[in-house]
Structures are given as structure tokens and as C-alpha cells.
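Below is one structure, written out as C-alpha cells; comments come after it.
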2 protein chains.
Amino acid sequence: MTQEKPEFDSLEEYDEEAFDRPSVTVDLIIFTVKDDDLKLLLKKRDSWPDEGKWALPGSFIEMDESLEDAAKRTLHEKTGLEDVYLEQLYTFGKPERDPRTRVITVGYYALVNYEEVRDVDELENIEWHSAYSLPELAFDHEEIADYSIERLRAKMEYSTAAYSFLPEKFTLSDFQDIYETVFDREFDRRNFRRKLKKKDIVEDTGEKTEGVSHRPAKLYRKGRELGEIVEIL
Amino acid sequence: MTQEKPEFDSLEEYDEEAFDRPSVTVDLIIFTVKDDDLKLLLKKRDSWPDEGKWALPGSFIEMDESLEDAAKRTLHEKTGLEDVYLEQLYTFGKPERDPRTRVITVGYYALVNYEEVRDVDELENIEWHSAYSLPELAFDHEEIADYSIERLRAKMEYSTAAYSFLPEKFTLSDFQDIYETVFDREFDRRNFRRKLKKKDIVEDTGEKTEGVSHRPAKLYRKGRELGEIVEIL
DNA sequence: ACAAAAGTGTTGGTGTTACACCCATGT
DNA sequence: ACATGGGTGTAACACCAACACTTTTGT
């Protein structure tokens with residue numbers, strides 16, 4: 001606190017003096033939508049501190065990988081997925097956020113299609129939890145999770161990130177259901193559909209759903225790139 | 001790369017094994033508007049690497065301070081200011097971004113009123129530079145600066161962050177000039193003013209400018225909190 | 001025939017854009 | 001009197017919110 005504050009320019013001396021360095025991790029908020037519920041993947045902690053509480057999956061940054069690569073690696077370990085929508089959320093670094101040592105964590109959020117995720121039961125102590133009724137979380141992970149929901153909503157208002165939650169072919173109701181789940185409110189069907197079509201967010205495949213006990217719905221595919229900026233709400 | 005990848009849960013062992021930890025810094029993008037130009041504060045590097053190039057002011061995180069505190073400390077060192085608009089931008093962590101050692105940097109951007117900044121000439125090798133014609137920057141600071149301009153614009157579209165650039169009392173033209181400078185384009189005066197008034201972004205003080213060689217302008221003050229969310233453009 | 005979800009248009013109100021002239025002051 | 005920037009209203013258009021009935025299929 002009262003020791004010399006090294007200037008950025010003098011990093012060589014800083015190294016020689018071996019000042020303490022913080023640990024740096026990535027933590028992942030892995031979102032999916034399933035059964036009209038927004039869910040995120042949590043891992044139960046098996047040791048001190050916060051043993052038994054649920055935590056966001058995370059790992060340490062390795063010296064030769066970028067932050068995004070670390071996030072992708074962690075995501076792959078937990079879900080078997082690659083090439084999903086992934087975005088840096090925020091960096092959390094209060095000194096007391098981890099009682100063991102100084103840990104700065106870079107949060108990333110990922111949007112995944114539930115059907116494409118490797119069966120999570122293969123992994124010990126990993127489960128999907130509703131974002132709307134989270135258990136008690138370890139460290140400051142509740143703050144991180146809350147913030148990630150805010151950012152997810154902001155992103156989905158003006159981009160096509162929602163494709164991530166859907167299979168290749170989907171109905172307009174599927175699309176709308178995602179929005180109603182994530183925003184936890186209803187939208188007018190006619191107005192919602194009009195916008196999806198006018199802004200070329202969806203593209204007709206010519207196919208229809210089969211085997212449903214009501215009128216079949218047209219199937220659409222994405223009409224823009226994943227994550228492209230378009231006003232949706 | 002092929003060594004064991006420690007799981008988050010096993011941090012105690014990780015510590016004992018003394019894996020390398022990255023250095024963590026904050027870098028600041030300190031914006032101001034002066035003479036119809038968007039400017040940011042740069043420091044000339046006086047040693048390897050990139051000696052002679054300009055760099056964003058930054059410093060190392062200390063073990064007992066939060067990221068935001070580190071950013072405030074750095075801002076104070078360079079400008080003498082406290083309590084300014086300050087927001088985390090993004091965290092940059094490519095392994096090769098600094099040739100000396102692994103450095104992860106958390107970018108923060110600050111918006112300051114030029115008149116309130118301590119005279120920068122007191123400090124060696126620190127200068128304001130136009131964001132629209134930056135010199136060659138050290139490290140990946142050009143990328144950081146570019147991204148910060150994008151984010152500054154996004155923020156100013158829907159919040160009152162622009163108050164930061166203005167004195168307590170200002171004219172509607174002053175406010176508009178800030179926007180025209182930051183967005184590098186013109187806005188219709190009547191439409192712009194209508195919105196500022198209708199959304200209570202400005203509040204009449206009853207005073208007028210004095211000593212100008214044209215019609216005096218009404219003086220306003222901020223009508224909302226700094227950084228409050230309101231659509232402005 | 002009934003249940004279930006799909007599909008579809010119009011209207012009134014609101015907000016946005018584009019545009020031109022007079023006013024108050026200092027020199 | 002001139003130069004300089006300050007101040008103001010309106011019309012056309014685009015967008016948005018609210019609203020209910022018919023269609024297609026499976027059981």
C-alpha cells in the first residue's frame with residue numbers, strides 16, 4: 001500500500017524485484033434455453049472455500065494462451081462444444097473476492113443449443129440451473145451471473161445472437177419462445193413476426209414441421225450471420 | 001501447453017507448484033473534447049520496447065487494490081482528477097502483446113473536462129493527441145484506442161456520459177458540439193435541441209452567456225445524473 | 001367435433017427527419 | 001450595417017403498439 005508504485009515503463013525492474021502477481025482465471029457463464037427456461041451450467045465445489053456451493057466453471061489462464069482461448073478450452077471441457085457464440089463479459093478483480101489468494105477473473109458468456117451439448121451427466125457435479133432460481137453461488141459468482149443476464153438481454157435486443165439457442169431449422173414460435181424466456185415476458189405474435197421477416201432475420205426453408213397435433217408451422221433458417229447487429233426488440 | 005491444466009477447484013495445489021502467473025495492468029484511455037477535437041492522453045515511452053512510441057497511461061495492479069481503484073489511482077496520477085466518469089472497457093490478453101513478459105491489461109476509459117485537468121505540461125512526455133490522427137502507438141494500444149472510441153460512441157448514444165466533457169453551465173450548442181466532435185458528423189440543430197429538452201437532459205439556469213459578439217445563448221445545467229440511461233441519438 | 005398452435009392486417013399514435021427564417025449582440 | 005451564432009415550427013413519413021379471427025392438423 002505504501003510501497004513504491006511501479007510505473008508501467010519500469011516493468012523490467014518490477015520483474016527483478018519480484019512483486020506479487022495475481023492469479024488470473026476465466027469464468028464461464030454458459031447459457032442455454034430449455035423447456036422455456038433460461039439455464040446456466042454450474043459446477044458444485046468439492047473443497048474449501050465455499051465447499052458444496054455451486055460455482056461457474058472456470059480455469060487458470062496458461063502462459064501461452066489468450067483469454068479467449070482459455071475460455072474456449074474451458075467451454076470445450078465442460079460441453080464438448082467448439083465454435084459457439086462467446087463474448088467477453090467483464091473482468092472482476094476485488095482483492096477479497098477469493099479468500100485463498102488474489103484472483104482476477106475474466107468472465108465470458110457463451111450461448112449454446114441444449115441439444116448439441118454433450119450429456120452433462122457424464123461429468124461429476126455439473127448441472128444446468130435455472131437462471132431465475134439460482135442456488136447459493138460461491139465467491140462473487142452471483143454478481144457475475146446477474147450481470148451476465150443483463151448483458152445477454154442487451155445483446156439480444158440488437159443482434160442475432162439468439163440463433164445460438166436454436167437448431168438449424170426452427171419455427172417463428174421457437175424464435176419467439178427464446179425471447180420470451182430470456183426477457184421473461186410476452187411479445188405480440190404478429191408484431192414480433194413482422195419484424196423478423198422485414199429485417200431478414202429469418203429465411204423460409206419451404207419445409208414445415210411434421211407430426212404435430214395441430215397446424216404445422218413453417219420452418220425457417222437464420223437469415224443473417226450469427227451475432228450480426230440488427231435491432232430486434 | 002501439454003502440462004497439466006489445473007482445474008479451478010485445485011487452486012491450493014496450483015499455488016504450491018508455483019505456476020507462472022501473468023502480470024496484470026490497467027491501461028487508461030482518458031478522453032477529452034477540446035477545440036472541436038476528440039483527444040486522448042498519451043505518454044511517450046522512454047525505454048525498450050517501443051521506445052519513443054506513444055502509449056496509453058497504465059500501471060500495475062497492486063495486490064490490495066481493486067481494478068477500478070487501480071484505474072482511479074492512475075487517472076489521478078496523470079490528471080489530478082478524482083470522481084470522473086470511468087468505466088471498464090475490455091481486457092486484452094494475447095500472450096504476445098508485450099514482448100517482455102505475459103501482461104494482461106484491463107482497459108478503462110475516462111471522460112474528463114479539459115479545463116479541470118491539471119496542466120499536463122507539468123508532466124514529462126505526457127500530451128493530448130487527437131483521436132482522429134493518432135501517432136504510432138506502442139504494444140496493441142492502437143487496437144485498444146480504436147475499440148474505446150467505438151464504445152464511447154455507443155455509450156453516448158444512450159446515456160448522459162457527455163456531461164463529463166462540459167463545465168457545470170453550458171449552452172445547447174456546447175452540448176451539440178460535443179456530439180458532433182465525438183461522432184464526427186453534424187446533427188440538425190432543431191431536432192437535437194428538441195430531444196435534449198423533451199427528455200430533460202438539460203435544465204434551464206435562467207442565465208445567459210456574456211461578452212460574446214453575437215446573440216447570447218441560454219445557459220443550461222445537467223437535467224439528469226451523470227451516466228444515466230437515456231436515448232440521446 | 002374439439003383442442004392446439006399457426007397464420008394473418010389495420011388503425012391510431014408516436015417519433016424522426018428534413019427543412020428556412022428571424023433575433024440579439026458586438027464591432 | 002454587418003457578421004456571428006442563437007433560437008424556433010411544421011409537414012411527410014416511418015415505425016410501433018394494440019387488437020381477434022380463421023386455418024390446419026391430430027385425436
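Convention: sequence-line order gives letters A, B, ...; per-chain numbering from 1.
Side-chain proximity of B/H214 to the nucleotides C/dG7, D/dG7, D/dG5 is greatest for D/dG5. The listed nucleotides are C/dG9, D/dG9, C/dA6; the one nearest the side chain of A/N191 is C/dG9. In the set C/dG9, D/dA20, C/dA24, C/dA24 carries the atom at the smallest distance from any side-chain atom of B/R215. The side chain of B/S213 has C/dG26 as its nearest neighbour among C/dG26, C/dA6, D/dC16.
Here the side chain of B/T160 pairs a donor or acceptor atom with the backbone of B/G227 at under 3.5 angstrom.
When rounded to the nearest whole Å, the span between CZ of A/F192 and C1' of C/dA6 equals 15 Å. The NZ-P distance, from B/K208 to D/dG5, rounds to 18 Å in whole Å. A straight line from CG of B/D188 to P of C/dA20 spans 11 Å, rounded to a whole angstrom. Computed from coordinates, the B/K218 NZ to C/dA24 C1' distance equals 13 Å when rounded to whole Å. Put simply, CD1 on A/I232 is 16 Å from C1' on D/dC16, counting in whole angstrom units. Between the P atom of D/dC16 and the CZ atom of A/F187 lies a distance of 13 Å, rounded to the nearest Å. Going from atom CD of A/E207 over to atom P of C/dA6 covers 17 Å, rounded to whole Å. Atom CZ in A/R189 sits about 13 Å away from atom P in D/dA20, given to the nearest Å.
B/E231 comes within 4.0 angstrom of the backbone, heavy atoms only, and of no base. Note on B/Q176: nothing from the nucleic acid sits closer than 4.0 angstrom, heavy atoms only. Nucleic acid contact for B/K197: sugar-phosphate only, since backbone atoms but no base atoms lie under 4.0 Å from a heavy atom of the residue. Within 4.0 Å of A/S173, counting heavy atoms only, lie sugar-phosphate atoms of the nucleic acid but no base atom.
Each of B/K199 and A/P216 was assigned the nucleotide of DNA chain C with the nearest heavy atom; the assignment lying further toward the 5' end belongs to A/P216. The residue among B/K195 and A/R194 whose nearest nucleotide of DNA chain C is located toward the 5' end is A/R194.
Side-chain contact, B/E231 with B/Y158: no donor N or O sits under 3.5 Å from an acceptor N or O.
Not one side-chain nitrogen or oxygen of B/R190 sits closer than 4.0 Å to the OP1 or OP2 atom of C/dC19.
Rounding to the nearest 0.5 Å places CG of A/N191 at 9.5 Å from CD of A/Q176.
Of the candidates B/L56, B/L41, B/L42, B/L56 is the only one forming a side-chain contact (heavy atoms from CB on, under 4.5 Å) with B/I29.
For B/Y220 and B/F170, the ring centers sit 6.0 Å or farther from each other.
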